[in-house]
Amino acid sequence: MTAALPNGVSSDDIDAFVRRVREQGAELYRDLPWRNTRDPYAIWISEVMLQQTQVARVLTRWERFIARFPTVDALSAASSADVVEEWQGMGYNRRALALKRAADICASEFGGALPVGVDELCKLPGIGEATAAGITAFSRDVPCIYIETNVRAVFIHEFFPDAERVTDKQLRPLVEAACPAEDVRGWYYALLDVGAHLKKTQVNPTRRSASYTRQSAFEGSRRQKRAWIVREVMACPGIADEELHARLDAEELRAGRDRVPVQEYRSIMADLSCEGFFSLTEGGWKA
DNA sequence: TTCCTGTATC
DNA sequence: GATACAGGAA
């Protein structure tokens, strides 16, 4: 049983919507490299990259990543440091660690394959509902509810033209009803391409999603310091704790900001240690 | 300066 | 339900 459709939407409305999106999607089709594979691993990597990073930049990084780590087993065999190194410049380094951890699980538990099904995929670190559905739709062509920003844009634009805050719970029955039994992959490509087009040509409908949030400023933020520290330790493995703090201070001063209080520095390093980026050894900070 | 996005964790 | 997370482009 599927949930009842909201606010007077009929199944005829859905059918017409699907036809329209399919037509428009065909015109707007983007021949992205990760659309030319069905390898769940390669698609997983693309989905994780696209969680956080815009298509234009992922285009410059995905093939390189796949070339360096072509399989789950290759990623698992690599060190976390190598994976984070390859990830540098993508942002959200934490996700590189989650990828590596998930690859370890797939290598040891699933013989180097990804588990099948949204629920099983969701158990892996760094994979939530959206990524699990994306992997399932694009690698296996199995119907599922894939709700991410472009999909939200299309459904909000179409079915909630005047709403201020549309929740995923409201979208879910519509996304489910629209998903076809066959050619799931083609359907979601069309949605993504139409959604991306929509965002280019008018005020982003996703801003009316309840999930939409503005990000806090990056300059001078803890995020910026974390990223700087990750780069610095990768470049100078074994760097002494005091030296690292001193260099961070110097960097902040250079940027016209205050020195970093030792308390804040400790707190950031504690986080990075906990998350598995580095540990402090006798020989200094190391990956 | 503003824009962009899903997951984890509280 | 709120917040942290990273970086480049416009």
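Below, each value reflects all heavy atoms present in this structure, side chains not excepted, and no hydrogens, waters or symmetry copies. Protein chains get the first letters and strands the later ones, always in sequence-line order, with residue 1 at the start of each.
Between A:Arg207 and B:dC4 there is a side-chain N or O to OP1 or OP2 distance below 4.0 Å. Dashed line: the shortest gap from a side-chain N or O of A:Arg94 to OP1 or OP2 of B:dT7 is not under 4.0 Å. Side-chain nitrogen and oxygen atoms of A:Lys199 include at least one within less than 4.0 Å of the OP1 or OP2 phosphate oxygen of B:dT5. Between A:Arg222 and the phosphate of C:dC5, there is a side-chain N or O to OP1/OP2 separation shorter than 4.0 Å. Distances shorter than 4.0 Å separate some side-chain N or O of A:Asn204 from OP1 or OP2 on B:dC4. Checking the phosphate oxygens (OP1, OP2) of B:dC4, no side-chain nitrogen or oxygen of A:Thr149 falls inside 4.0 Å. Considering only side-chain N and O atoms, A:Asn150 lies nowhere under 4.0 angstrom from the phosphate OP1 or OP2 of B:dC4. When the side-chain nitrogen and oxygen atoms of A:Tyr92 are compared with OP1 and OP2 of C:dA4, none of them lie within a distance under 4.0 Å.
A cation-pi arrangement, defined by a distance under 6.0 Å to the six-membered ring centre and an angle within 45 degrees of its axis, is absent between A:Arg38 and A:Phe138.
Which of C:dG7, B:dT7, C:dC5 sits closest to the side chain of A:Thr131 comes down to B:dT7.
Across all strands, A:Leu124 comes closer than 4.0 Å only to sugar-phosphate atoms, never to a base (heavy-atom distances). Counting non-hydrogen atoms under 4.0 angstrom, A:Ile127 reaches the backbone sugars and phosphates but no base. Residue A:Glu129 is classed as a sugar-phosphate contact, given heavy-atom separations below 4.0 Å to backbone atoms only. Using a 4.0 Å heavy-atom criterion, one finds that A:Glu148 contacts the sugar-phosphate atoms exclusively. At the heavy-atom level, A:Arg152 lies under 4.0 Å from the strands shown only through sugar-phosphate atoms.
The CG atom of A:Leu50 sits 12 Å away from the P atom of B:dT7 (whole-angstrom rounding). Nucleotide C:dG7 holds its P atom 14 Å from the CD atom of A:Glu86, rounded to whole Å. Atoms CZ (A:Phe218) and P (B:dC4) sit 18 Å apart, rounded to a whole Å. Between the P atom of C:dA4 and the CZ atom of A:Arg214 lies a distance of 16 Å, rounded to the nearest Å. Protein atom CH2 of A:Trp87 is 12 Å distant from nucleotide atom P of C:dG7, rounded to whole Å. If you measure from atom CD of A:Gln224 to atom P of C:dG7, you get 9 Å, rounded to the nearest angstrom. A:Asn93 places its CG atom 11 Å from the P atom of C:dG8, with the value rounded to the nearest Å. In this structure, A:Glu219 atom CD and C:dC5 atom C1' are separated by 16 Å, rounded to whole Å.
Mapping A:Gln54 and A:Pro125 onto DNA chain B by nearest heavy atom places A:Gln54 closer to the 5' end of the strand. Remark on DNA chain C: of its neighbouring residues A:Thr213 and A:Val230, the 5'-side contact belongs to A:Thr213, judged by nearest-heavy-atom nucleotide.
Using modelled atom types, no side-chain atom of A:Lys286 and backbone atom of A:Thr281 make a donor-acceptor pair closer than 3.5 Å. For A:Glu232 (side chain) and A:Leu248 (main-chain N/O), no donor-acceptor pair under 3.5 Å exists by modelled atom type.
Side-chain contact of A:Tyr265 with A:Asp241: a donor-acceptor pair under 3.5 Å is present, judged by distance alone. A:Asp73 and A:Ser76 are not linked by any side-chain donor-acceptor pair at a separation below 3.5 angstrom, with hydrogens and angles left out of the test. Looking at A:Ser267 and A:Arg222, their side chains do bring a donor and an acceptor atom within 3.5 Å of each other.
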